[in-house]
Q: 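This structure is in structure tokens; I'll ask about it shortly.
Basis for what follows: all heavy atoms, side chains included, without hydrogens, waters or symmetry-related copies.
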Amino acid sequence: MPNLVSTDYLLSEQQQLLLVALLDTLIPASKDGTMPSAADVDFKYYLSMQAADFVADLTSILGQLDPAFPDLSLSERCDQLTEFSASEPQAFQNLLSRVYDCYYQDDRVRSKIGVVTGAVFPQGNQIIPGDLALLDPVIENASRHGYRKT
């Protein structure tokens, strides 16, 4: 039995190394260190909470990478991923979508690109309990919104 590292999804040590190198290749950290790489956000947590259906595909993708992938230079890893994207465009697009989705949910990334982090509401918007005046536009446009009086 391979040496397994405890995670929500059983990834071998080799698969975890491949995953880190893959994430680092898709979105490397900025040279000045202000932006993290995709390997620096918690991709495994994202998989367990939001993308459990992608784990089998990810395992398949990792299985198609050269075992020496983590030891290659960034440009060599990019070349291999370019070949993979040409031979498996749908799998590569699914991978990118998941990585981007995870990366741009990270508060560190969002704050660096100027997106408000945390809950958007209320941030200064005060709603008076029991004040139904917010529904007035809906009621006024009842035919357009399908609102009906009871």
Q: Nearest heavy-atom pair of Tyr104 and Ile113: which atoms, and what distance?
A: CD2-CD1, 4.0 Å

Q: Is the backbone of Ser12 close enough, under 3.5 Å, to the side chain of Gln15 for a donor and an acceptor to pair up by distance?
A: yes

Q: Do Asp79 and Phe84 touch side chain to side chain, with heavy atoms closer than 4.5 Å?
A: no

Q: Quick one: does any side-chain atom of Ser60 pair with a main-chain N or O of Ala56 as donor and acceptor, under 3.5 Å?
A: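 Side chain of Ser60 to backbone of Ala56, a donor-acceptor pair under 3.5 Å: no, none is there.
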
Q: Tell me if a side-chain donor or acceptor on Gln80 pairs with a main-chain N or O of Leu65 at a distance below 3.5 Å.
A: no

Q: Leu22 and Arg77: side-chain contact (heavy atoms from CB on, under 4.5 Å), yes or no, with the steps?
A: CA-CA 8 Å; Leu22 175 63; Arg77 292 192 317 252; over 6 Å; no

Q: Test side-chain contact (heavy atoms from CB on, under 4.5 Å) on Gln105 and Gln50; report intermediate values, then the result.
A: CA-CA 11 Å; Gln105 288 183 44; Gln50 297 182 30; 3.0 Å; yes

Q: I'd like to know if the side chain of Ser30 and the backbone of Thr34 have a donor-acceptor N/O pair within less than 3.5 Å.
A: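 The answer is yes, because a donor-acceptor pair under 3.5 Å joins these two groups.
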
Q: Indicate, with yes or no, if Ile27 and Leu17 share a hydrophobic cluster defined by side-chain heavy-atom contacts under 4.5 Å among Ile, Leu, Val, Met, Phe, Trp and Tyr.
A: no

Q: By side chain to side chain contact (heavy atoms under 4.5 Å, CB included), which residues pair with Leu96, not counting sequence neighbours?
A: Leu26, Phe92, Tyr100

Q: Counting C-beta onward and ignoring hydrogens, is there a side-chain heavy-atom pair between Ile61 and Glu88 closer than 4.5 Å?
A: no

Q: Looking only at heavy atoms, what is the nearest atom pair of Ala133 and Pro137, with distance?
A: O-CD, 3.9 Å

Q: For the residue pair Phe54 and Asn94, establish whether any side-chain heavy-atom pair is separated by less than 4.5 Å.
A: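 Side-chain contact under 4.5 Å: yes.
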
Q: Rounded to the nearest 0.5 Å, what separates atom OG1 in Thr59 from atom CD in Gln64?
A: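 Rounded to the nearest 0.5 Å, the OG1-CD separation comes to 11.5 Å.
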
Q: With sequence neighbours excluded, give me every salt bridge (charged side-chain N to carboxylate O under 4.0 Å, His left out) pair touching residues 89-104.
A: Asp53-Arg98

Q: Does the side-chain contact (heavy atoms from CB on, under 4.5 Å) test come out yes or no for Asp42 and Asp106, once each step is laid out?
A: CA-CA 8 Å; Asp42 198 350; Asp106 187 86; over 6 Å; no

Q: Just to verify, what does Ala39 make a side chain to side chain contact (heavy atoms under 4.5 Å, CB included) with, not counting sequence neighbours?
A: Val20, Leu23, Asp24, Ser37

Q: Should Gln14 and Phe69 count as side-chain neighbours, where that means a heavy-atom distance under 4.5 Å?
A: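 SC-SC contact between Gln14 and Phe69 ruled out.
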
Q: About how many Å separate NZ of Lys44 and CG of Leu58, when rounded to the nearest 0.5 Å?
A: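 If I round to the nearest 0.5 Å, the distance is 11.0 Å.
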
Q: Is Arg110 reaching over with its side chain to a backbone N or O of Val115, donor-acceptor style, under 3.5 angstrom?
A: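 No, Arg110 side chain to Val115 backbone: no donor-acceptor pair under 3.5 Å.
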
Q: Is there a side-chain contact between Leu18 and Asp66, using heavy atoms and a 4.5 Å cut-off?
A: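 Answer no - side chains too far apart.
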
Q: Mind checking whether Cys102 and Tyr45 have side chains closer than 4.5 Å, heavy atoms only?
A: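 Side chain of Cys102 against side chain of Tyr45, heavy atoms only: no contact under 4.5 Å found.
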
